[in-house]
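For reference, the structure is listed below as structure tokens.
Numbering of residues begins at 1 and proceeds along the displayed sequence. In each ligand, atom 1 is the first atom listed, and ligand 1 is the first ligand listed.
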Amino acid sequence: MTRNIILGSRRSNLAMTQTRWVIQELEKLGLPFTFEIKEITTKGDQILDVTLSKVGGKGLFVKEIEQAMHNREIDMAVHSMKDVPSGRSEGLVLAAVPERVDPRDAFISNSGKTLMELPSGSIVGTSSLRRGSQVLTKRPDLEIQWIRGNIDTRLRKCREENFDAIILAAAGLERVGWTEDIVTEFLDPELCLPAVGQGALGLECREEDHELRELLAHLNHEYTARTVAAERAFLRTVEGGCTVPIGAHATLDEQNQIHLTALVASTDGKQVFKESIIGEDPDHIGTEVAERILRQGAKEVLDKVKEDLENN
Ligand SMILES: NCc1[nH]cc(CCC(=O)O)c1CC(=O)O
């Protein structure tokens, strides 16, 4: 018996490309499954004209898709890990985290100048508080302007509107096949710490669907799963969501030790709380680094950002 698996996907080029990639990898296994994509429109796709963090709530891109899984309209979904809230959804599981691609942010300027070379007063477009904050820490003389839309739209706006540069996730560009042509500079994590889970995918399905979980487990990448788990434990503990400047990045060394660096900052980039930690257990080090950062004074900054968002 061949089972047909229905994957829910947002309509964007990136979401469809990621979903098709997963289907391709699953087909390579040569097991008795067929695959079908069902398009789903999410709130994050409909609201294009305001700062993402303002329309807010967690998991703007994920909620409708999870509902469709509960309703059995679809069997599974391919998420960008960085869009998946750090608290888990009842009845659903992240069955696999495939190998991460480039986690860095990509800086694209019209003049070809790097972030540190841009003339004073230049306008940098981003929809991310995390990117804006970290740019301002290094270059308080630049101006951040909000830019929204999917990758294609943002690239077009950068050329046609009043932006000197924009910052996008390298992973998104890589997946749609454009990285080489357009990136001015890949921002080192030292300069701009990526979002939690950036560059990684998460394959989600119903908890009770053991057959599908077993299939998806073939695509799990242990290195990625462990490092992303540490980043997400940090995020869960600071209760960040996507509404505050928060970043984290983890790697594994040869001894299988996780190296995690995490950051909380103020929106203007003037206050930065950053810590690194090394350890074995992802949950433990993620929680520990979060507690250290909160003790440093990040708690006040987080509360302030949340308060500002509510008043605006
Ligand atoms: N917030 C939107 C989003 N979610 C995932 C990616 C692509 C990169 C990834 O998989 O981490 C992007 C675009 C971007 O941030 O430029």
Side-chain angles (χ1 to χ4, degrees), residues 9-22 42-48 50-63 65 77-86 94 96-108 124-135 144 146-158 163 165-179 182-187 189 192-204 221 224 227-228 231-232 235 240-250:
S9 174
R10 295 164 51 209
R11 189 202 192 133
S12 75
N13 186 14
L14 178 63
M16 281 292 171
T17 305
Q18 290 177 170
T19 303
R20 281 195 293 261
W21 178 81
V22 168
T42 70
K43 202 170 157 199
D45 298 310
Q46 285 162 350
I47 307 169
L48 295 173
V50 253
T51 313
L52 254 191
S53 51
K54 278 188 188 166
V55 289
K58 292 178 189 168
L60 219 47
F61 295 111
V62 174
K63 216 172 114 201
I65 292 184
V78 179
H79 301 293
S80 291
M81 270 311 271
K82 78 168 186 187
D83 297 327
V84 180
S86 59
L94 281 170
V97 180
E99 184 168 6
R100 166 137 71 180
V101 297
D102 196 333
R104 291 174 297 178
D105 288 309
F107 181 81
I108 301 168
V124 178
T126 172
S127 55
S128 145
L129 295 171
R130 174 186 61 82
R131 290 172 186 146
S133 162
Q134 293 187 91
V135 165
I144 301 295
W146 299 117
I147 186 170
R148 276 280 288 131
N150 58 33
I151 298 176
D152 325 28
T153 312
R154 279 189 262 174
L155 288 170
R156 184 177 47 74
K157 283 184 182 171
C158 181
F163 295 100
I166 55 169
I167 305 176
L168 297 167
L173 297 169
E174 186 176 331
R175 291 209 181 93
V176 298
W178 292 342
T179 319
I182 56 169
V183 174
T184 307
E185 178 189 18
F186 293 96
L187 299 177
C192 188
L193 206 60
V196 167
Q198 184 157 302
L201 302 177
L203 311 187
E204 190 179 36
H221 186 254
T224 307
T227 47
V228 170
E231 294 163 17
R232 285 169 63 78
L235 184 64
C242 58
T243 57
V244 275
I246 287 179
H249 184 58

**OP:** Identify the two heavy atoms, one from Thr126 and one from Trp146, that lie closest to each other, and give their separation to 0.1 Å.
**Re:** O-CE3, 2.8 Å
Original post:
Are Arg131 and ligand 1 in contact, using a heavy-atom cut-off of under 4.0 Å?
Top reply: yes
Subject >> Where ligand 1 meets Leu14 - atom numbers and elements under 4.0 angstrom, heavy-atom basis >> reply: 6 (C), 7 (C)
Original post:
For atom 5 (C) of ligand 1, which candidate among Ser80, Gly172, Ser12 holds the nearest heavy atom?
Top reply: Ser80
Subject >> Within-cut-off N or O pair, Gly199 and ligand 1, under 3.5 Å >> reply: yes
Original post:
Should you measure from each heavy atom of Arg175, which atoms of ligand 1 turn up under 4.0 Å away?
Top reply: 10 (O)
Original post:
Of the listed options (Asp83, Leu168, Val84), which comes nearest to atom 2 (C) of ligand 1 when hydrogens are ignored and any heavy atom counts?
Top reply: Asp83
**OP:** Please report the shortest heavy-atom distance between Arg232 and Ser86, naming the atom on each side.
**Re:** NH2-CA, 3.8 Å
Subject >> Under-4.0 Å heavy-atom contact with ligand 1, by part of Met81 that carries it >> reply: neither
Subject >> Atoms in ligand 1 flagged as close to Gln198, the criterion being non-hydrogen separation under 4.0 Å >> reply: 11 (O)
Subject >> Heavy-atom closest pair, residues Arg131 and Ser128 >> reply: N-OG, 2.9 Å
**OP:** For residues Lys157 and Phe163, report the shortest heavy-atom separation together with the two atoms involved.
**Re:** O-CD1, 3.5 Å
Original post:
Where is the tightest heavy-atom contact between Ala171 and Gly199, given as atom of each residue plus distance?
Top reply: CB-CA, 3.5 Å
Original post:
Which of the listed options, Arg100, Gln18, Lys82, holds the heavy atom that is closest to atom 14 (C) of ligand 1?
Top reply: Lys82
Subject >> Test applied, side-chain hydrogen bond (donor to acceptor under 3.5 Å, both in side chains); reference residue, Gln198; option that passes from Glu231, Arg130, His249 >> reply: Arg130
Original post:
More than 12 foreign heavy atoms under 6.0 Å from CZ of Arg156: is that the case here?
Top reply: yes
